[in-house]
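Throughout, protein chains are lettered first and strands after them, A, B, ... in sequence-line order, and every chain is numbered starting at 1. Values below: all heavy atoms of this structure, side chains included; hydrogens, waters and symmetry mates excluded.
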Amino acid sequence: MGEKNIKQAIIRRIRAIPRGTVMAYGDVAAAAGFPGRARLVARILSESDGDLPWHRVLRASGQIAFPPDSPLFAEQTQRLRAEGVRVENGRVKLRRSGPDLDALLWAPD
DNA sequence: GGGGTGACAATTC
DNA sequence: GGAATTGCCACCC
């Protein structure tokens with residue numbers, strides 16, 4: 001399998017993240033079928049032209065993956081809040097295996 | 001081929 | 001919850 005396909009699969013997965021929700025780098029990779037490739041997701045996002053919802057991807061801890069004083073940090077925070085996501089102190093509460101909401105957000109393609 | 005780097009993560013203390 | 005450690009993988013020099 002060529003790497004191009006992996007990249008495409010991950011990009012598709014990122015585009016599929018519903019508005020107002022967030023996903024961790026590792027989760028995106030796993031959901032695309034490539035567990036353990038979190039860093040690849042990060043690299044793809046850094047290379048992307050900005051046509052994908054990069055602001056919906058954060059660390060597994062729920063923290064924004066930029067230094068708090070960086071402009072990207074501010075932009076990501078603003079974009080998330082614009083979608084109704086609560087961002088406090090540079091972090092978002094990730095509810096995994098939580099209430100019924102999960103089944104809805106993590107529904108299959 | 002070796003070594004350092006990075007929008008990461010799981011484990012351990 | 002935080003800090004340190006280890007694993008990871010693509011990319012660059």
Side-chain angles (χ1 to χ4, degrees):
Chain A
M1 203 123 102
E3 294 182 7
K4 287 287 189 183
N5 301 25
I6 301 180
K7 202 191 288 193
Q8 272 308 316
I10 290 178
I11 288 178
R12 274 202 309 270
R13 198 62 199 99
I14 294 174
R15 286 219 170 93
I17 302 177
R19 191 177 186 282
T21 73
V22 294
M23 251 177 144
Y25 293 89
D27 289 339
V28 171
F34 307 95
R37 306 284 189 274
R39 283 192 118 136
L40 180 57
V41 174
R43 173 141 186 75
I44 291 172
L45 282 177
S46 68
E47 292 242 332
S48 74
D49 302 339
D51 45 4
L52 23 160
W54 58 271
H55 57 280
R56 295 178 192 152
V57 187
L58 358 166
R59 288 185 178 162
S61 58
Q63 280 213 288
I64 288 178
F66 296 106
D69 52 353
S70 68
L72 281 172
F73 178 95
E75 184 177 350
Q76 184 164 15
T77 301
Q78 182 179 343
R79 283 186 171 220
L80 286 174
R81 281 179 177 157
E83 294 185 354
V85 179
R86 277 206 319 248
V87 186
E88 299 196 22
N89 210 1
R91 54 167 59 174
V92 174
K93 289 196 180 190
L94 300 180
R95 42 204 190 287
R96 263 168 222 244
S97 60
D100 49 358
L101 222 70
D102 272 17
L104 193 69
L105 303 180
W106 294 82
D109 303 331

Quiz item: Of the non-hydrogen atoms in Val41(A) and Tyr25(A), which two are nearest, and what is the gap between them?
Solution: CG2-O, 3.7 Å

Quiz item: Arg37(A) side chain N/O closer than 4.0 Å to the phosphate oxygens (OP1, OP2) of dC9(C)?
Solution: yes

Quiz item: Is the phosphate of dC8(B), meaning OP1 or OP2, less than 4.0 Å from a side-chain N or O of Arg59(A)?
Solution: yes

Exercise. Classify the side chain of Arg39(A) versus the base of dC9(C) as yes if they form a donor-acceptor pair under 3.5 Å and no if they do not.
Key: no

Quiz item: More than 12 foreign heavy atoms under 6.0 Å from CG of Asp51(A): is that the case here?
Solution: yes

Practice problem: Could you check which of dA7(B), dG2(C), dA10(B) has an atom nearest any side-chain atom of Phe66(A)? | Solution: dA7(B)

Exercise. Name the closest nucleotide to the Trp54(A) side chain, picking from dG1(C), dA9(B), dA7(B).
Key: dA7(B)

What is the separation between atom [atom1] on [X] and atom [atom2] on [N], rounded to the nearest whole Å?
| X | N | atom1 | atom2 | answer |
| --- | --- | --- | --- | --- |
| Phe34(A) | dC8(B) | CZ | C1' | 17 Å |
| Arg79(A) | dA7(B) | CZ | C1' | 14 Å |
| Leu80(A) | dA7(B) | CG | P | 18 Å |
| Ile14(A) | dC8(B) | CD1 | P | 13 Å |
| Leu94(A) | dG1(C) | CG | P | 11 Å |
| Leu58(A) | dC8(B) | CG | C1' | 12 Å |
| Leu72(A) | dG6(B) | CG | C1' | 15 Å |
| Met23(A) | dC8(B) | CE | C1' | 15 Å |

Practice problem: In whole angstrom, give me the gap between the C1' atoms of dA7(B) and dC13(C). | Solution: 22 Å

Practice problem: With C1' as the reference atom in both, quote the distance from dG7(C) to dG6(B) in angstrom, rounded to an integer. | Solution: 14 Å

Quiz item: How is Arg43(A) classified with respect to the nucleic acid when contacts are heavy atoms under 4.0 Å: base, sugar-phosphate, or nothing?
Solution: sugar-phosphate

Quiz item: 5'-most contact on DNA chain C: Leu40(A) or Gln63(A), nearest heavy atom basis?
Solution: Gln63(A)

Quiz item: Want to settle it: does Gly36(A) or Glu47(A) sit nearer the 5' end of DNA chain C, counting the closest nucleotide to each?
Solution: Gly36(A)

Quiz item: Between Arg13(A) and Ala32(A), is there a donor-acceptor pair closer than 3.5 Å when you use the side chain of the first and the backbone of the second?
Solution: no

Quiz prompt | Point-to-point distance, once rounded to the nearest 0.5 Å, from OG of Ser70(A) to CD1 of Ile64(A) | solution = 8.5 Å

Quiz item: Which of these, Val57(A), Ile11(A), Val28(A), sits in a side chain to side chain contact (heavy atoms under 4.5 Å, CB included) with Ile44(A)?
Solution: Ile11(A)

